[in-house]
Amino acid sequence: MTIPHFPGPVLGIETSCDETSAAVVENGRVLSNIVSSQTDLHAQWGGVVPEAAARAHVEAILPVLVSALDRAGVAKEEVRAVAATNRPGLVGALSVGLTAAKTFAHMQRLPFVAVHHLEGHLLSVLADHPEAPFPHVALVVSGGHTELVEVVAPGDYRLLGQTLDDAAGEAFDKSARLLGLGYPGGRAIQEAARAGDAGRYPLPRGLSGDTLDFSFSGLKTAVLRLVEREGSRLRTADAAASIQEAIVGVLAERATRAAERFEATCLTLVGGVAANEALRERLKGRCERLGLRFLTPSFDLCTDNAAMIALAGSIRLARGERTSLDVDVFSNAPLPGSA
Ligand code: KG4
Ligand code: ZN
């Protein structure tokens, strides 16, 4: 079954954290997806500084929007609807994108829909796999989230498990900082781990037992102790490989457990940490052995982007959903339809 999309070009805008992004999709096809990343700006502080993020979004939003229309070959008069992330995220950052989207919709007299950021990640697989089966189980792993979700249908999500403390991306980022590998840490750990021995430093895996939840705070403490204990003797590549193995191992084990428990035929891997090659390979292998279909977006649709927001918006708009231009931003919000 293919999912109905809104007819005509839909403009999407995403500014929930440190990426300013605008995209155009048409009938489920991504025509453009422009992402301006603030990573270099925040690297000097070793993490995202909310006020600096908001200011950088203000500077980037118009050029990014214009590039998205240009790249898509769509004039602003040809856009038929607008979608933007309004929750969850940094309120100052979200406000910039939401205000730009509302202004565009108001000026062009277009229908508008507000999108939950995680719904964007969950539906990002549809860009490359419009035939993705529903229901399926999704592992959403990003800098702010680590969740197992039953995706009953677009718009109908059930939370199966989540982290009780740090997100998986945060565990990568904080560990990388302790190893002196810089920010953002996920890719840096992946690169350093290539030459490393994952068995050298045993690290904790968080919760044990038959759970679908996660805990990464013990890992962070263990990495701190390891760095203090080993001092200049620390083998950075081995430490990176051991950290990556601790995170990837637990994510892969729990995601396949959830898929089996809910008798899913398909498992998806989405969010910024889904760009991790070791995690993609591990889940692909486990799913093959279990006879499960495994889907994950292309790399540029894993980290934050507006194409996933435009896609999610296009599905909601096709069902006749509209959001009033009075809508606000929210730093926290449950997934739509989650029980
Ligand atoms: O989805 P995303 O762009 O932003 C949030 O919604 O949080 O995810 C960003 C996170 C960061 O923590 C970053 O370190 C992580 O994704 N990440 C990776 C990789 N690329 C990005 N983690 C592990 N391996 C990677 N290759
Ligand atoms: Zn995200």
Side-chain angles (χ1 to χ4, degrees), residues 12-21 23 33 35-40 42-43 46-48 50 53 57 84-90 93-94 97 115-125 138-147 149 162-163 166-179 181-194 196 216 219-220 240-241 243-252 268-283 296-309 311-312 331-333 335:
I13 294 183
E14 152 67 40
T15 60
S16 66
C17 190
D18 60 346
E19 259 97 34
T20 315
S21 182
N33 185 28
V35 181
S36 163
S37 177
Q38 305 173 6
T39 349
D40 293 346
H42 297 292
V48 177
H57 284 307
T85 313
N86 79 323
R87 67 198 193 283
L90 303 170
L94 283 166
V115 174
H116 191 292
H117 181 77
L118 284 194
E119 174 167 68
H121 278 304
L122 288 169
L123 300 182
S124 61
V125 280
L139 172 63
V140 195
V141 268
S142 72
H145 293 271
T146 302
E147 268 133 42
V149 178
Q162 62 186 321
T163 181
D166 291 347
E170 236 177 319
F172 271 112
D173 293 339
K174 288 179 177 171
S175 302
R177 195 190 310 188
L178 290 169
L179 295 185
L181 290 175
Y183 172 86
R187 177 157 288 275
I189 292 221
Q190 171 176 303
E191 295 313 318
R194 284 191 203 286
F216 292 108
L219 173 65
K220 181 179 59 190
I243 292 162
Q244 178 167 269
E245 177 54 36
I247 301 173
V248 165
V250 82
L251 290 174
T268 68
L269 169 66
V270 297
V273 180
N276 185 272
E277 287 164 17
L279 179 59
R280 291 165 89 93
E281 282 308 307
R282 184 73 54 86
L283 271 177
T296 189
S298 51
F299 288 109
D300 51 340
L301 291 171
C302 289
T303 43
D304 287 349
N305 67 87
M308 67 184 192
I309 302 303
L311 282 174
S331 58
N332 283 304
L335 261 173

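As the structure lists them, so they are numbered: ligands from 1, and atoms in each ligand from 1. In this chain, numbering begins with 1 at the start of the sequence shown.
In summary, E119 and R87 do not engage in a salt bridge, as defined by a charged side-chain N under 4.0 Å from a carboxylate O.
Nearest heavy-atom pair, L181 versus A192, reported as atom, atom and distance to 0.1 Å: CD1-CB, 4.0 Å. A pairwise comparison of heavy atoms in S298 and R280 identifies CA-NH2, 4.3 Å as the closest pair.
A heavy-atom distance below 4.5 Å is not found between the side chains of S21 and D304. At least one side-chain heavy atom of P297 sits under 4.5 Å from a side-chain heavy atom of V270. At a threshold of 4.5 Å between non-hydrogen side-chain atoms, the residues L279 and V141 count as touching. Side-chain contact between P88 and H145: present, with at least one pair of heavy atoms (C-beta onward) separated by less than 4.5 Å. E277 has its side chain within reach of R194: a pair of non-hydrogen atoms, C-beta onward, lies under 4.5 Å apart.
Within the 4.0 Å heavy-atom shell around ligand 1 one finds G144. Within the 4.0 Å heavy-atom shell around ligand 1 one finds H121. Residue contacts with ligand 1 include H117, since one of its heavy atoms falls under 4.0 Å from the ligand.
Regarding atom 10 (C) of ligand 1, its nearest protein heavy-atom neighbour is G143 N, 3.5 Å. Atom 15 (C) of ligand 1 has its closest protein heavy atom at V273 CG2, 3.9 Å. For atom 14 (O) of ligand 1, the nearest protein heavy atom (residue, atom name, distance) is D173 OD1, 2.7 Å. Shortest contact from atom 24 (N) of ligand 1 to any protein heavy atom: N276 ND2, 3.0 Å. Scanning the protein heavy atoms around atom 26 (N) of ligand 1, the nearest turns out to be Q190 OE1, 3.0 Å. Looking only at heavy atoms of the protein, atom 22 (N) of ligand 1 is closest to G186 CA, 3.2 Å.
Atoms of ligand 1 lying under 4.0 Å from at least one heavy atom of A275, given by number and element, are 20 (N), 26 (N). Counting atoms of ligand 1 from 1 in the listed order, those under 4.0 Å from a heavy atom of G169 are 12 (O). Here is the list of ligand 1 atoms found below 4.0 Å of a heavy atom in T303: 3 (O). Heavy-atom contacts of S142 reach the following atoms of ligand 1: 1 (O), 5 (C), 6 (O), 7 (O), 8 (O) (cutoff under 4.0 Å).
Between G271 and ligand 1, a contact under 3.5 Å exists for no N or O pair. For ligand 1, one of its N or O atoms has an N or O atom of G272 under 3.5 Å away. Between E170 and ligand 1, a contact under 3.5 Å exists for no N or O pair.
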Open item on the list: Between N305 and E19, is the side-chain contact (heavy atoms from CB on, under 4.5 Å) condition met? List the steps.
Closed with: CA-CA 7 Å; N305 67 87; E19 259 97 34; over 6 Å; no
- [ ] List the steps, then state whether side-chain contact (heavy atoms from CB on, under 4.5 Å) holds for I247 with I189.
- [x] CA-CA 11 Å; I247 301 173; I189 292 221; over 6 Å; no
- [ ] For E170 and R177, run salt bridge (charged side-chain N to carboxylate O under 4.0 Å, His left out): C-alpha distance rounded to whole Å, both residues' side-chain angles, the deciding distance at 0.1 Å, then the answer.
- [x] CA-CA 10 Å; E170 236 177 319; R177 195 190 310 188; over 6 Å; no
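Excluding water, every protein N/O/S atom under 2.8 Å from the Zn ion (ligand 2) is given here by residue and atom: H117 NE2, H121 NE2, D304 OD1.
In terms of the side-chain hydrogen bond (donor to acceptor under 3.5 Å, both in side chains) criterion, residue partners of Q38 (sequence neighbours excluded) are, by chain and number, H42, H57. Partners of T39 according to the side-chain hydrogen bond (donor to acceptor under 3.5 Å, both in side chains) rule, which considers only residues two or more places apart in sequence or in another chain, are S37. Applying the side-chain contact (heavy atoms from CB on, under 4.5 Å) criterion to T163, with sequence neighbours excluded, gives T146, D165, F214, F216.
Looking at N305, D304, V248, T39 and measuring to atom 1 (O) of ligand 1, the nearest heavy atom belongs to D304.
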